[in-house]
Number of protein chains: 2
Amino acid sequence: MPPIVDFHLQPQLEELAKFLRQHLSVRRALLIILANCSVEYEGRSASHLGEGDRLIIIKPDGAVLVHRPWGYSPVNWQPDSKVLEVFMETKHNSEKVVVIKSVRARPREVLLIRISKAYLVAAAQGLEDSAEFVEYLDERQIRDILASHPEEIEPGLRIVRVEKPIEPGFIDLYGIDSQGNNVIIEIKRVTANVSAVKQLKEYVDAFKAKNPHTRVRGILVAPSISKEALLLLNKYGLEFKQINIEKLYRKYFSLEKRSTQKHASILDFIEKAALGSR
Amino acid sequence: MPPIVDFHLQPQLEELAKFLRQHLSVRRALLIILANCSVEYEGRSASHLGEGDRLIIIKPDGAVLVHRPWGYSPVNWQPDSKVLEVFMETKHNSEKVVVIKSVRARPREVLLIRISKAYLVAAAQGLEDSAEFVEYLDERQIRDILASHPEEIEPGLRIVRVEKPIEPGFIDLYGIDSQGNNVIIEIKRVTANVSAVKQLKEYVDAFKAKNPHTRVRGILVAPSISKEALLLLNKYGLEFKQINIEKLYRKYFSLEKRSTQKHASILDFIEKAALGSR
DNA sequence: AACTTCATGTCGCGG
DNA sequence: CCGCGACGTGAAGTT
């Protein structure tokens, strides 16, 4: 059963309010409003946004987004609202506006959207979206691949423990090298920065403190490292190992993990995208 | 001049493609598409999303958002695309889909949205939004308030330097207490955690290293502190000072800073919101 | 519920 | 353009 879409072009404010109330009360719809509005927010922070043309989205679960005509981020939002109210308000200059008030419970945050002119409002009832979202190449997967194929870090390296708890936090990989040294490995899926180095240093120090008479190496594994981070790394006597995440992925992401057609398709896509880039 | 809104309800795929191409080519419109689609992404990461009903937004600046019917975050997106293409594709089962291909330049990322059924498409040309976005209560403002009113941290404290550079980073506030001790202050606008404590510790240590024969105190200023952070703080011999950000703000946010009507309005709003919460 | 860590984080600022 | 830190970060997972 396809979703039911209802809409008004250039609705009067009274119509808009009625439309919104109707679709918020019965069964929650996805609401799309294109309108001139101002926005106030108060909660963990507070903000004011003057009048302008914006896209307002209200999702069935109470998420509210106010988008300006540019950029990725909503200018104001509510991840989920406990209370959603629509009412008319008369401004000082006796102009009327439709107010959408969204209140989030914890942390308590209030969002007020004042609409002075609406260009389009639409509501969709019965949207269905149960598809699985499959993501690749996140830190966990890289870590698992390297745990199974430590030779990609260094020949002779043997991984003893994945996500080894230490005070405080977790070591991504812990192993023993060909010389019998303890090796602590910190993995980053993006350019390693100073804080990654500090984190590794902390783990190495903590390990040394607990095991005073053993030799410990610290290796930072990442696709690249910032200049400052490299300097600090050298200063601390730690090491850097560059990896190519995509290559690792192509090489090792195991068949059993992408056995379903759905999972396999991503690799086809990567191939296509790579071709398309030339 | 109000924006021009064009739309189709339940467009055929060919119509959809034509509509999109038209509004993407001439002058960029804000595009809203409610449709059943699947999405592939490849770039810094990679993902696959099967078919489902979603809201697709394409902004005039090339930002692309794919929203599922719930939650704050888009499931797939492109912060700004360099290339935006729309074309028809025939699947293996000979069904046709409209493909929206968005390519981001740096980092190179490709987004493919395959639409199998469209419920609504709308385009808005000439949206105007030049309003200023004013935000309050961010770390910078809290820092400035405390710099002007150090007695809120401790009686007799005198602030010498704001954003004092140190190796590495910047001390939020640096001052001298009533006993003549150096005081290093780190401010957080949310619950202070372990990393905030470490950051402060680092600054204090760096200061001590540079000034070996002076006494230094480190104060973490925040609305609250996590249990673990407090433990570590005590271990390091550092101090915590609790502040109430909203109270500070009400008390000190200076008249000259909110001299314009616009800026003043946020306080009215906060009042109203506070009343509304009862 | 508190807290930690990851993220296709995004965004802005400074060198 | 890098690199770093703040963010109303959000979201997921663990204690």
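Only heavy atoms go into these numbers, but all of them, side chains included; no hydrogens, no water, no symmetry mates. Below, chain A is the first sequence line, B the second, and so on; all start at residue 1.
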[X] has an atom [atom1]; how far is it from atom [atom2] of [N], in whole Å?
| X | N | atom1 | atom2 | result |
| --- | --- | --- | --- | --- |
| B:Gln141 | D:dG8 | CD | C1' | 13 Å |
| B:Leu231 | D:dT15 | CG | P | 18 Å |
| A:Leu200 | C:dT5 | CG | P | 15 Å |
| B:Glu139 | D:dG5 | CD | C1' | 9 Å |
| B:Tyr136 | D:dC7 | OH | C1' | 18 Å |
| A:Glu163 | D:dT14 | CD | P | 10 Å |
| B:His48 | C:dT8 | NE2 | P | 16 Å |
| A:Lys188 | C:dT5 | NZ | C1' | 8 Å |

* To do: Confirm from the modelled atom types if A:Asp138 and C:dT8 form a donor-acceptor pair under 3.5 Å, side chain to base only.
  =>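 No.
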* Can you check whether any acceptor in the base of D:dG8 is under 3.5 Å from a donor in the side chain of A:Glu42, or vice versa? => no
Salt-bridged, [X] to [Y], with N to O below 4.0 Å?
| X | Y | result |
| --- | --- | --- |
| A:Lys198 | A:Glu202 | no |
| A:Arg28 | A:Asp61 | no |
| A:Asp172 | A:Arg143 | no |
| B:Lys251 | B:Glu152 | yes |

Using a heavy-atom cut-off of under 4.0 Å over every strand shown, decide if [X] touches base, sugar-phosphate, or nothing.
| X | value |
| --- | --- |
| B:Asn193 | sugar-phosphate |
| B:Glu109 | base |
| B:Glu228 | sugar-phosphate |
| B:Arg140 | nothing |
| B:Arg143 | nothing |

* With a 3.5 Å cut-off and no angle check, do the side chains of A:Ser224 and A:Thr191 form a donor-acceptor pair? -> yes
* Structure fact -> Whichever of A:Ser195 and A:Val75 has the more 5' nearest nucleotide on DNA chain D, that residue is A:Ser195
* Asked: Hey, which of these two, B:Val190 or A:Ala229, hits DNA chain D nearer its 5' end, going by closest nucleotide?
  -> A:Ala229
* **Whole-angstrom distance between D:dG10 and D:dA6, as gauged at atom C1'** =>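 Straight-line distance between the two C1' atoms is 14 Å.
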* Gap in Å between the two P atoms, one belonging to D:dA11 and one to C:dC11, rounded -> 16 Å
* Any side-chain heavy atom of A:Ile225 sitting closer than 4.5 Å to one from A:Leu233? -> yes
* Any side-chain heavy-atom pair from A:Glu109 and A:Glu42 closer than 4.5 angstrom? -> no
Within the structure, does a side-chain N or O atom of [X] lie under 4.0 Å from either OP1 or OP2 of [N]?
| X | N | answer |
| --- | --- | --- |
| B:Arg44 | C:dT10 | yes |
| B:Trp77 | C:dT10 | yes |
| B:Arg68 | D:dA11 | no |

* **Among C:dA1, D:dG8, D:dG3, the nucleotide that comes nearest once only the side chain of A:Arg106 is considered** => C:dA1
* Quick one: list whatever passes side chain to side chain contact (heavy atoms under 4.5 Å, CB included) with B:Gln199, sequence neighbours left out. =>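 Side chain to side chain contact (heavy atoms under 4.5 Å, CB included) check on B:Gln199 returns B:Glu186, B:Lys188, B:Tyr203.
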Hey, what are the protein-to-nucleotides 11-15 of chain C N/O distances that come in under 3.5 Å?
from, atom 1, to, atom 2, distance (Å)
C:dC11, OP1, A:Tyr72, N, 3.3
C:dC11, OP1, A:Ser73, N, 3.4
C:dC11, OP1, A:Ser73, OG, 3.4

* To do: Heavy atoms only: give me the nearest A:Arg189-A:Ile245 pair and the separation to one decimal.
  =>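 Where A:Arg189 meets A:Ile245 most closely, the heavy atoms are O-CD1, 3.4 Å.
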* **5' priority, DNA chain C, between B:Ser226 and B:Asn76 [closest heavy atom]** =>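 Residue closer to the 5' terminus by nearest nucleotide: B:Ser226.
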